[in-house]
There are 2 protein chains.
Amino acid sequence: MQGARVLTIGEFSRLTHLSVRTLRRYHDAGLLEPAEVDAASGYRYYTGEQIPTAQVIHRLRELDVPLADVARILRSPDPGTRAALVADHLRRLESELERTRAAVASLRRLLRPKPAAVDVELRRVPATTVAAVEDDVRLEDVLGWYAGAMAELDAVVGPAGVPGGVYDDALFQTGRGHVLVHLPAGDPPRSGRVHPVTLPAVELAVTTHVGAHDDIDVTYGELGAWVTGHLLAVAGPVRETYLVGPRDTADPAAWRTEIGWPVFSVTPG
Amino acid sequence: MQGARVLTIGEFSRLTHLSVRTLRRYHDAGLLEPAEVDAASGYRYYTGEQIPTAQVIHRLRELDVPLADVARILRSPDPGTRAALVADHLRRLESELERTRAAVASLRRLLRPKPAAVDVELRRVPATTVAAVEDDVRLEDVLGWYAGAMAELDAVVGPAGVPGGVYDDALFQTGRGHVLVHLPAGDPPRSGRVHPVTLPAVELAVTTHVGAHDDIDVTYGELGAWVTGHLLAVAGPVRETYLVGPRDTADPAAWRTEIGWPVFSVTPG
DNA sequence: CTGCACCCTCCCCCTGGGGGAGCGTCCAGC
DNA sequence: GCTGGACGCTCCCCCAGGGGGAGGGTGCAG
């Protein structure tokens, strides 16, 4: 390749099917430096050898890899590291696909005319002392945190009894909030993260969500509609009780989750 | 529901797991009008009956349905229309998923070290008169347009001979460009959109792309690199010849597409 | 040497959100 | 009846990753 010709940005654009604008942006982002930049005119010049790099960037962008991540992938010289970074993103795509599937299923259920009316019960619950693990958790970490906390509870208390959770509203508002999981225990021990907690007495509006938690917010909504329709207001973090959960069966369709929202009466007018 | 309680935006937010900000945005976008807006204070008030609507919006947004489309879906009163619009979007998701799959496959090929060197041939081609259909087409419409044009060509000329296409660069730059498909014909007829076209004599840098067209741009890139490496420049729209295509076999892996780029010599210095 | 295609930078626009400032409102407790 | 604090309002700037277009400089062929 003696004296391989340099290409203007327009030629390079035609050869890579990336727009001129986009090439300039990739230059600014440090993704794809032109082989040469004329100091006087600012003209960018590329070479044919840069085409494969442009192709890789193109593909990664088609997969919605953020520019910063693309840069990281391109900069890692070791093909192993590179492959690992790509595999990382593919895993992310996979889980996104899973969420999409769940949303589609849930949407179908939502659009089915007349979803079965919710069955809500008003229940006065006394203060209870339980063995608990609690923490401030980010919404996306809840599932992992729950698994770890529940495993620790199981280990300390024993896997008997129906587990429950208490979830701060802020979790769904700001994406971060206080979370507590608990198991009933006659004399709650104190070990590691496990410690006794007394849940206050409350009046709960209770309903049961059947199935996986993908669309549990729909049941939340129905419960909320019932509550406000009965001139009640919500006060305090929601309580969930896992009547049938992953510890009982691997089939999510069989799960039964009791949702209890602390309420108090609102006098109209 | 005598006197169902109205909810402040904060309460409604907690009940729907949509952020207060987002609810305000949906109001501005006309997606979810509060049941009542206090004229003096500007306070938004919602009712429990609006919760299901909020849920549907939530699900649609999880599926990346644009707000405008969500509005259209919500506004269509007929459940049939509504379902059709949703199905439309699900189809879009499906094709997007397909593109993602293709991009992943292509990326794997790209990252495999040492892709086989391209086999490029420089070929002088005389002017040829063919039966053609041509039009200005948008990039996303090319496949459909191609199918229709080729069917018309087949009907008029007969399905003999190797089909080809000529694609304006602008197609890949601005997403819209001039496209021409052709079949060889001794005495090209004129019928419907079919008419004779004389392709000018050119010197072509030719290579063959094997497989589906998902990553044909990679072959384009390799061809481009070869061209510039040989002190040539690209001049004019690319020509494709479908040696083995969908008319010949349903297996995309067996497709063979000849890519020819008109070139001219560039004297260095 | 002139015209024109090409290139440059800079600014604003789009999508759907988040963070935060600065200020008004509502209601419970005193 | 007053007051504090939680909550509401609007408005502006920020993010990604582009696109459109203005206004002006360059390079090359006829």
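Numbers restart at 1 for each chain; the letters A, B, ... are given by sequence-line order, proteins then strands. This structure is a prediction, so every number in the text was calculated from the model and none was measured.
- Here chain A contacts DNA chain C (any atom closer than 4.0 Å to a heavy atom, that is under 4.0 Å), and the contacts span C:dC6 to C:dT9 from 5' to 3'.
- Counting only residues at least two apart or on different chains, the ring-ring contact (aromatic ring centres under 6.0 Å, His included) pairs with a member in residues 17-57 of chain A are A:Phe12-A:Tyr46, A:His17-B:Phe172, A:His17-B:Tyr220.
- With salt bridges taken as basic N to acidic carboxylate O contacts below 4.0 Å, one links A:Glu11 and A:Arg5.
- Enclosure of atom CZ in B:Arg92 by more than 12 non-hydrogen atoms of other residues, nucleotides or ligands within 6.0 angstrom is indicated.
- If you check distances only, the side chain of B:Tyr45 never reaches the base of D:dG8 with a donor-acceptor pair under 3.5 Å.
- Regarding B:Phe264, its CZ atom lies at a distance of 12 Å from the P atom of D:dC28, rounded to whole Å.
- When all heavy atoms of A:Gly48 and B:Thr228 are compared, the pair lying nearest together is CA-OG1, 3.6 Å.
- Residues from residues 24-38 of chain B with heavy atoms under 4.0 angstrom of DNA chain C, sorted by number: B:Arg25, B:Tyr26.
- For the contact set between residues 50-76 of chain A and DNA chain D, defined by any heavy atom under 4.0 Å, the members are A:Arg61, A:Pro66, A:Leu67.
- Residues A:Leu7 and A:Thr47 have side chains not in contact (no heavy-atom distance under 4.5 Å, counting atoms from C-beta outward).
- Residues B:Ala40 and A:Arg21 each lie close to DNA chain C; by heavy-atom proximity, the contact nearer the 5' end of the strand is made by A:Arg21.
- Looking at residues two or more places apart in sequence or on another chain, you find no side chain to side chain donor-acceptor pair (under 3.5 Å) involving A:Thr16.
- Under the 4.0 Å criterion applied to side-chain N and carboxylate O atoms, A:Arg59 and B:Asp217 are assigned as salt-bridge partners.
- Remark: B:His178 engages B:Glu134, B:Asp136 in a side chain to side chain donor-acceptor pair (under 3.5 Å) (not counting sequence neighbours).
- A salt bridge is defined here as a Lys NZ or Arg NE, NH1 or NH2 lying under 4.0 Å from an Asp or Glu carboxylate O, and A:Arg91 with A:Asp88 meets this definition.
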